[in-house]
Amino acid sequence: MNIPSPTHPQQIWVIDDDETALMLAQMVLSEAGFEVRTFANAPSALLAAPAGFPAIMVVDLIMPQMDGFAFCKRLRALPGGAEVPVLVTTSLDDPASIDRAYCAGATGFATKPLNWAIEVHRLHYMLRAAEVARELRLKERETRSAKEDWERTFDAIPDVVTVLDSDLRILRANAAAGQQLGLAPDALIGRRCYEMFRKQAQPCANCPALKSLQTGQPASAELPCDSKGGVFAVSTSPVTDAQGQVTHLVYVARDLTEQKLLEAEYRQAQKMEAIGTLAGGIAHDFNNLLTIILGCGELLKDEEERAGRNRDEFKTIIDAAKRGASLSRQLMTFSRKEACKSQVQVLDLNHVIRDVWKMLERIVPKSVTLAAKLSDQLHRINADSGQLEQVLLNLAVNAAHAMPTGGTLTLETRNTELDADFCRYHPELKAGPHVCLRISDTGHGMDRRTQERIYEPFFTTKKVGAGTGLGLSVVFGIVKDHGGHIQCHSEENVGTTFEIYLPITAADLVATPPASPPLGATPKGSGTIMIVDDEAPIRNMLQRFLVRQGYSVFAAADGEIALDRYRNPATRPELVILDLGMPVMSGWECLERLRQIDPQARVLIASGYGGDDLEDRIFQKGALGFINKPYDLGEMSRKVRSIFTGQPQELSAA
Ligand code: ADP
Ligand code: MG
């Protein structure tokens with residue numbers, strides 16, 4: 001807002017009830033260069049005021065209607081009326097009247113009869129004084145607004161900004177600095193920065209402010225903020241006087257806590273992804289080897305038994321291979337390349353806990369108290385109950401191990417709403433309603449280094465034979481597979497809590513019980529089968545087995561050979577058993593081209609790779625069934641037979 005200047009800068013108003021006085025003033029003041037306007041009474045001058053003020057006024061004090069005192073008061077109350085200098089003229093010359101006139105708002109006082117030569121002089125002086133006052137007010141207002149502008153700018157910076165003297169005392173602090181400590185910024189003034197932000201009696205060893213003071217150069221460092229926790233990037237820039245001496249420092253601290261957390265989360269995710277790929281790859285190759293070992297072992301055992309010899313070694317081989325298969329299955333779960341499609345259904349997590357309770361009671365020793373706090377109105381989730389049981393058991397086993405001398409294992413469930421903020425740190429999650437499963441123990445806990453590695457496969461702190469290091473890897477894989485998130489809080493000698501967040505299901509889904517595969521004796525059959533697999537030992541073993549089952553079997557080492565054979569009506573088999581992961585031509589491509597040659601081609605896929613949608617994709621591509629490696633020969637026989645007898649409901653179950 002501007003300081004108002006007179007609307008009529010040349011004008012002077014003279015207000016007096018004495019006509020002669022008015023005429024005299026008119027004459028003298030016109031002569032002196034003023035543009036004179038006269039008023040015979042105060043109200044008429046007040047009426048003229050809204051149209052614009054003159055540069056100055058001369059007002060008689062004693063007037064009928066409204067006297068000079070009242071006029072001054074009314075004038076000062078008008079918008080813009082405070083600025084006009086007013087010379088009061090009167091025959092009253094007692095100090096009380098003079099005081100009263102000034103109190104009412106007069107700027108000058110002159111006693112009648114007037115010596116106009118002096119009064120003209122006085123009027124010019126009053127005008128100059130009014131002008132100087134106006135300029136001063138203008139300057140003051142500019143300074144105030146510049147200061148406010150600067151403070152607003154300073155406070156708009158989201159980083160902590162302070163100005164420090166050479167003693168590291170805070171001279172100024174912005175709003176963010178105050179917020180950081182939960183104080184008004186003024187409360188920081190005069191305090192030392194390290195006392196306030198780091199709660200230390202000394203500056204830290206790598207204090208950038210000290211460095212800047214010594215070198216006269218900007219400096220920076222990452223410092224922990226002990227008053228709040230977290231990490232700050234602090235930079236200091238020296239401010240110098242005209243002589244180049246450092247007079248103070250600008251200290252800027254940016255909160256890196258969130259960024260660091262995100263980076264750590266990202267690194268952890270990358271690590272798990274890399275380990276997952278590695279483990280998945282190993283498990284896949286491992287599966288092929290186990291398929292060979294298991295199959296050949298069974299064949300040899302069978303042959304020996306037929307020949308009337310009973311050799312325990314074969315059973316040992318087969319058992320070891322089965323144990324290996326279980327290991328590789330766990331690795332696959334971790335790397336989320338689960339061979340078999342999980343049996344997802346709509347379920348209540350509380351039911352899963354109740355179902356597994358008996359088993360938990362058996363797992364945890366008597367010295368451990370089992371407690372449950374299950375929410376009544378728990379939302380339902382889309383999950384595989386078998387896999388969730390596995391999660392509960394693995395976590396409970398670990399908790400029991402952590403409490404060798406007893407303690408409490410508590411299982412809790414609750415509904416929770418994950419907000420966007422939380423999900424920012426865990427990109428695999430979507431904000432919204434989730435179910436939270438909390439498993440806490442009062443065991444020995446873990447140090448930070450252990451916590452960083454717990455989900456890695458084969459990471460264990462237990463004695464050889466006591467742990468495989470796969471428990472939490474499997475839990476991790478299952479939780480990820482369910483679109484969820486697992487987190488762990490642990491404190492040494494206090495205990496450990498795992499929290500698992502699982503997204504709730506859309507309400508309209510209906511529970512479907514898992515289909516259970518029919519079991520029976522190994523069925524025998526007849527027909528022609530082509531085995532397509534790049535691994536010769538698998539081809540040979542399966543061929544021997546299927547021949548023994550009564551089929552005519554031949555094998556192809558890659559997709560090209562298989563297609564050649566299929567094109568030839570003389571060698572076209574009734575069923576193709578096809579591996580997916582092959583060099584030269586992938587199983588997928590081979591399947592597609594087989595179906596191009598013969599849309600009725602019957603194909604059974606055998607693969608170590610799985611994943612949720614694999615079976616669906618296989619059926620979409622026209623295959624009749626899927627069996628995952630390493631397979632049990634009995635299962636293979638049943639699948640093959642059901643294809644020949646046309647009972648597709650037996651095919652999808654792994
Ligand atoms: P394992 O139990 O075979 O060692 P896990 O993957 O289940 O493998 O666990 C990995 C490691 O995590 C354990 O060896 C142990 O150091 C740590 N751990 C897991 N759960 C807990 C727990 N509840 N309390 C303390 N440490 C635990
Ligand atoms: Mg374990």
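Just so you know, residue 1 is the first one in the sequence shown, and it goes up from there. Ligands are counted one by one from 1 in listed order, and the atoms in each one are counted from 1 as well.
For atom 12 (O) of ligand 1, the closest non-hydrogen atom of the protein is I454 CG2, 3.2 Å. Regarding atom 8 (O) of ligand 1, its nearest protein heavy-atom neighbour is G469 CA, 3.1 Å. The single protein non-hydrogen atom nearest to atom 4 (O) of ligand 1 is T460 OG1, 2.5 Å, given as residue, atom name and distance. Remark: minimum distance from atom 2 (O) of ligand 1 to any protein heavy atom is reached at K462 NZ, 2.6 Å. If you check which protein heavy atom lies closest to atom 16 (O) of ligand 1, you get T461 OG1, 2.4 Å. Shortest contact from atom 20 (N) of ligand 1 to any protein heavy atom: N398 CB, 3.2 Å.
Contact between T468 and ligand 1 is present, with at least one heavy atom of the residue lying under 4.0 Å from the ligand. At least one heavy atom of G445 sits closer than 4.0 Å to an atom of ligand 1.
For ligand 1, the atoms lying closer than 4.0 Å to a non-hydrogen atom of G467 are 3 (O). The contact set between ligand 1 and F459, taken as ligand atoms under 4.0 Å from a residue heavy atom, comprises 8 (O), 10 (C). Near L472, the atoms of ligand 1 lying under 4.0 angstrom from a non-hydrogen atom of the residue are 5 (P), 6 (O), 7 (O), 9 (O), 12 (O), 19 (C).
Between R380 and D348, none of the side-chain N atoms (NZ, or NE/NH1/NH2) sits under 4.0 Å from a carboxylate O, so this pair counts as no salt bridge. Salt-bridge annotation for R544 and E303: present, with a side-chain N of the basic residue lying under 4.0 Å from a carboxylate O of the acidic one. A salt bridge between E304 and K301 is absent, with no side-chain N of the basic residue lying under 4.0 Å from a carboxylate O of the acidic one.
Heavy atoms from other residues, nucleotides or ligands lying under 6.0 Å from NZ of K271 number more than 12. Within 6.0 Å of CZ in R548 there are more than 12 heavy atoms belonging to other residues, nucleotides or ligands. Atom CD of E417 is surrounded by more than 12 heavy atoms from other residues, nucleotides or ligands within 6.0 Å.
Because the distance cut-off is set at 2.8 Å, N398 qualifies as a neighbour of the Mg ion (ligand 2) through one of its N, O or S atoms.
The side chain of D441, and not its backbone, has at least one atom closer than 4.0 Å to an atom of ligand 1 (non-hydrogen atoms only; side chain from C-beta on).
Interatomic distance, SG of C296 versus CD1 of I317, reported as 9.5 Å (0.5 Å rounding).
If you check each of M446, Q451, H444 against atom 21 (C) of ligand 1, the one with the closest non-hydrogen atom is M446.
For R362 and W357, the positive end is not near the middle of the six-membered ring at less than 6.0 Å and at most 45° from its axis.
Here Y501 and F422 bring their ring centres to under 6.0 angstrom of each other.
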